[in-house]
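A quick note: this is a predicted structure, and the numbers were derived from the prediction, not measured. Letters go in sequence order (proteins before strands), and every chain restarts at 1. In what follows, every heavy atom counts, from backbone to side chain, and hydrogens, waters and symmetry copies are set aside.
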There are 4 protein chains.
Amino acid sequence: MRKKDDEKQRCIKTAVVELILKEGFQGASISKIARAAGVSPATVYIYYENKDAMLRDIYQEYAEDTFQYLLESLHPNMAGEQIIEELIRSYYSYIVENEEIFHFVEQFSTCPALQSNCGFMKGPGNLNQLLTELKRRQILNNYSNDNLYAILFSPVKTIAVKKCDSEEAAMDRLDELITIIQKALIRGY
Amino acid sequence: MRKKDDEKQRCIKTAVVELILKEGFQGASISKIARAAGVSPATVYIYYENKDAMLRDIYQEYAEDTFQYLLESLHPNMAGEQIIEELIRSYYSYIVENEEIFHFVEQFSTCPALQSNCGFMKGPGNLNQLLTELKRRQILNNYSNDNLYAILFSPVKTIAVKKCDSEEAAMDRLDELITIIQKALIRGY
Amino acid sequence: MRKKDDEKQRCIKTAVVELILKEGFQGASISKIARAAGVSPATVYIYYENKDAMLRDIYQEYAEDTFQYLLESLHPNMAGEQIIEELIRSYYSYIVENEEIFHFVEQFSTCPALQSNCGFMKGPGNLNQLLTELKRRQILNNYSNDNLYAILFSPVKTIAVKKCDSEEAAMDRLDELITIIQKALIRGY
Amino acid sequence: MRKKDDEKQRCIKTAVVELILKEGFQGASISKIARAAGVSPATVYIYYENKDAMLRDIYQEYAEDTFQYLLESLHPNMAGEQIIEELIRSYYSYIVENEEIFHFVEQFSTCPALQSNCGFMKGPGNLNQLLTELKRRQILNNYSNDNLYAILFSPVKTIAVKKCDSEEAAMDRLDELITIIQKALIRGY
DNA sequence: GATGAATGAGAGTTCATTCAT
DNA sequence: TATGAATGAACTCTCATTCAT
């Protein structure tokens, strides 16, 4: 017998994300995906139970990857402002460097009909732990985790997708945002 | 006669938004929409050129409505902190009260493939004017409009869709968020 | 709006029966059926909920027709031997003249998986009534209806599909069968 | 080594017959059959040339088995009525005890498209010989073999698949059928 | 204006079969 | 021999859209 070919599954994942950026969920049909991935439509069903499961699985993997990416950017004994800067800056660069993946994850997560069938993810829990810990260590102001999370990650998302006139202007804008958020969240700043 | 037409179109709009919340873009077919709206599939094509145009038109109307709703909440001679409070609070209540519409707009606007064909909208321009004016009047700190916009509206969006244990806790969280943002953006706060 | 076209549904029915004789259930795909019927595959779904329902509905109609055909061949005051002769002879000619329909009905009814989802049919009840009545009037021997039914209709089915050397030989064989069954079932023959 | 092969082929045969009873020809795909038989789809092709050949071969084996079973039930010097009783009774019990096989054979043999490709079978010939012999020995009435065959075997088939209220009632019905047929076919009864 | 019938195209999925091990 | 991976073709069914009334 032949062994399952991880390369094939990787191609499928890539094709899904590419196609969904280019054409939206509507245009990402199994046959287009298969063609883009260089496999037969039937092959997709060797790796995923059905289309919904495929999208869900790929979403969850990429979503977890994102959290992983963020948490890995932190070092144990960073100062509070460094932590904030690093989190925001790495999220920003993640979005810029993984535009397709980011948009796929965003589209998926803004669709309640898709989101509702998703299983457990550990990324959010880890981040919550981090935030709680930073408050305990009196690094961050004692705001609710929901608000800390919202302020740390949603504005940067907004500006990362909004194209600037120049690369330089974009950097200035990011620096400014970091400063604003550091002042807002760090204890006794 | 005029009356009846508008009624049908309203039904279609409502059906679209409902269905897309419940089933996502994938499940919102013309025939389902027509059935939910109580009209014939052919009737949809009297009011809209085709499906894409329909979604785009409905999106644009609702998106403009949202900006309109926000700007209407402001009174000419409010203090800076009141302006911020009011913008955030009304956006929050708009999301909560128009859950279906909000999700439809969000899904649409996170999909580059859809977004790209959208025409001109005046809401963003008006808001930009407002922010520029508030900076000129030295009410807001002199941050870039992108950042002001991002901090004002994206965190509230994040928390508005994240269900809280109780209504009360949600209100506390919202109050907290408003305070954080007021401190961050208002000059000399 | 257009009105439903009964002609179309008739074409579909005919095509189904033809194709199933020629290619068996396996070869009777919706697209082949549609092509043979001169309609679009989608049109089939206007007249039938799905493929299973289509086959079931068509089967039930034809099966009822058969019973109807048999019962209509009888006149009120026939003698017992005439009744038997007529039932057997008309079933025989029905099979010969409606070969396609007969084979479709037979294939369907020998498949438990299909048969199990079938609804109520009134033909069998009517025939049972007839048999019971003929026993009450002391025309037929007092055998169980199951046996009467089995002897009356299954041997003729068997010989009707078994081709003979000549038309004449087939008729002789049929006459012989009728005589055998008359002797076996008619009281005091 | 030989042993193991036969075991696999037996599993496949059993799986085919089971699946076709449960789901009909439509639902009996090679992969389902393989799964039910506990082998790989590819393995099926070691034992059978292709799907059609597989069904045909299995059908022919089982069909021949049935004839064999019937003829084996007879003893050389049975009286005419015993022969008839034994043939009918053993066919009846065969059907009841081998429900799946019986239905598979029936479905197959009522489908002209399948039947047409079948090769030579010796069972029917043997039975014809027997009937001819019984007529020559003046045990059976001098009816055509087709009619003798039809009356002997098709009514019992009909009642064997028609469930009765009780086991006892079924036996009574069978006894009655035997009597009717004995009277109808045995010379000078 | 409004409709349900009608459709070709294409959706997701499974098929019988072959390949590589 | 025996396998699970792989596939192009074909499956059932729904789609967005148009037609005829």
Of D/Gln26 and A/Gln26, whose closest DNA chain F nucleotide lies nearer the 5' terminus?
->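 It is D/Gln26, whose closest nucleotide lies nearer the 5' terminus.
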
Using heavy atoms to find the nearest nucleotide of DNA chain F for C/Lys32 and B/Asp52 separately, return the residue whose nucleotide is more 5′.
->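 Whichever sits nearer the 5' end wins; that is C/Lys32.
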
Salt bridge (Lys or Arg N to Asp or Glu O under 4.0 Å) between D/Glu100 and D/Lys22, intermediate numbers included = CA-CA 9 Å; D/Glu100 294 179 347; D/Lys22 218 188 303 159; over 6 Å; no

Looking only at non-hydrogen atoms, find the nearest pair between D/Thr43 and D/Val39 and report the distance.
->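 Smallest interatomic distance, heavy atoms only, reads CB-CB, 4.0 Å.
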
Would you say [X] and [Y] make side-chain contact, with heavy atoms under 4.5 Å?
X: D/Lys122; Y: D/Phe120; answer: yes
X: A/Arg56; Y: A/Gln60; answer: yes
X: D/Ile12; Y: D/Met54; answer: yes
X: B/Val17; Y: B/Tyr62; answer: yes
X: B/Gln26; Y: A/Gln26; answer: no
X: D/Phe25; Y: C/Phe25; answer: no

Atom pair distance, as rounded to whole Å: [atom1] in [X] and [atom2] in [N]:
X: B/Asp6; N: E/dA2; atom1: CG; atom2: C1'; value: 16 Å
X: C/Ile33; N: F/dA10; atom1: CD1; atom2: P; value: 16 Å
X: C/Gln9; N: E/dA5; atom1: CD; atom2: C1'; value: 13 Å
X: A/Met54; N: E/dT13; atom1: CE; atom2: P; value: 9 Å
X: A/Ile30; N: E/dG12; atom1: CD1; atom2: P; value: 5 Å
X: A/Arg35; N: E/dG10; atom1: CZ; atom2: C1'; value: 11 Å
X: A/Glu23; N: E/dA11; atom1: CD; atom2: C1'; value: 14 Å
X: C/Leu55; N: F/dC11; atom1: CG; atom2: P; value: 14 Å

Any donor-acceptor pair under 3.5 Å between the side chain of A/Ser29 and the base of E/dG10?
->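 Per atom types, no contact qualifies.
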
Do any side-chain nitrogens or oxygens of [X] fall under 4.0 Å of OP1 or OP2 in [N]?
X: B/Lys8; N: E/dA2; result: yes
X: B/Tyr45; N: F/dC19; result: no
X: C/Ser31; N: F/dC11; result: yes
X: B/Ser40; N: E/dA2; result: no
X: A/Tyr47; N: F/dA5; result: no
X: D/Lys51; N: E/dT17; result: no

How do A/Ala28 and B/Gly38 order along DNA chain E: which one's closest nucleotide is nearer the 5' end?
->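 Its nearest nucleotide lies further toward 5', so the answer is B/Gly38.
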
Closest-nucleotide ordering on DNA chain E, the 5'-leading residue of B/Ile46 and A/Gly27 =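 In this pair, the answer is B/Ile46.
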
Looking across every strand, which nucleic acid part, if any, lies under 4.0 Å from D/Val39 by heavy atom: base, sugar-phosphate, or nothing?
->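 Sugar-phosphate, backbone atoms only, no base.
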
Rounded to the nearest 0.5 Å, what separation is found between the CD1 atom of D/Ile33 and the CG atom of D/Leu55?
->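 It is 6.5 Å, given to the nearest 0.5 Å.
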
I'd like a table of donor-acceptor pairs (distance under 3.5 Å, sequence neighbours excluded) in which one partner is a side-chain atom from residues 101-116 of chain A, with atom names and distances.
residue, atom, partner, partner atom, Å
A/His103, ND1, A/Glu99, O, 3.3
A/Glu106, OE2, A/Lys157, NZ, 3.3
A/Ser109, OG, A/Val105, O, 3.0
A/Ser109, OG, A/Glu106, O, 3.2
A/Thr110, OG1, A/Glu106, O, 3.0
A/Thr110, OG1, A/Gln107, O, 3.1
A/Thr110, OG1, B/Thr110, OG1, 3.1
A/Gln115, OE1, A/Tyr59, OH, 3.4
A/Gln115, NE2, A/Tyr59, OH, 3.4
A/Ser116, OG, A/Pro112, O, 3.4
A/Ser116, OG, A/Ala113, O, 3.3

Only stems of 3 or more consecutive Watson-Crick or G-U pairs count here, both distances under 3.5 Å; name the ones for DNA chain E, or none.
->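 Stem list for DNA chain E: E:2-21 with F:2-21.
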
Positions of residues 11-18 of chain A (non-hydrogen atom under 4.0 Å from DNA chain E), listed by number =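 The answer is none.
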
Selected nucleotide, minimal atom distance to C/Pro41 side chain, candidates F/dA2, F/dC13, E/dT3 |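 Looking only at side-chain atoms, C/Pro41 lies closest to F/dC13.
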
B/Ala42 side chain, from C-beta outward: closest of F/dC19, E/dG8, E/dC19 |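 The nucleotide sitting nearest to the side chain is F/dC19.
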
On the ring face of D/Tyr48, is D/Lys13 found with NZ or CZ under 6.0 Å from the centre and within 45° of the axis?
->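 Not satisfied by the 6.0 Å and 45° rule.
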
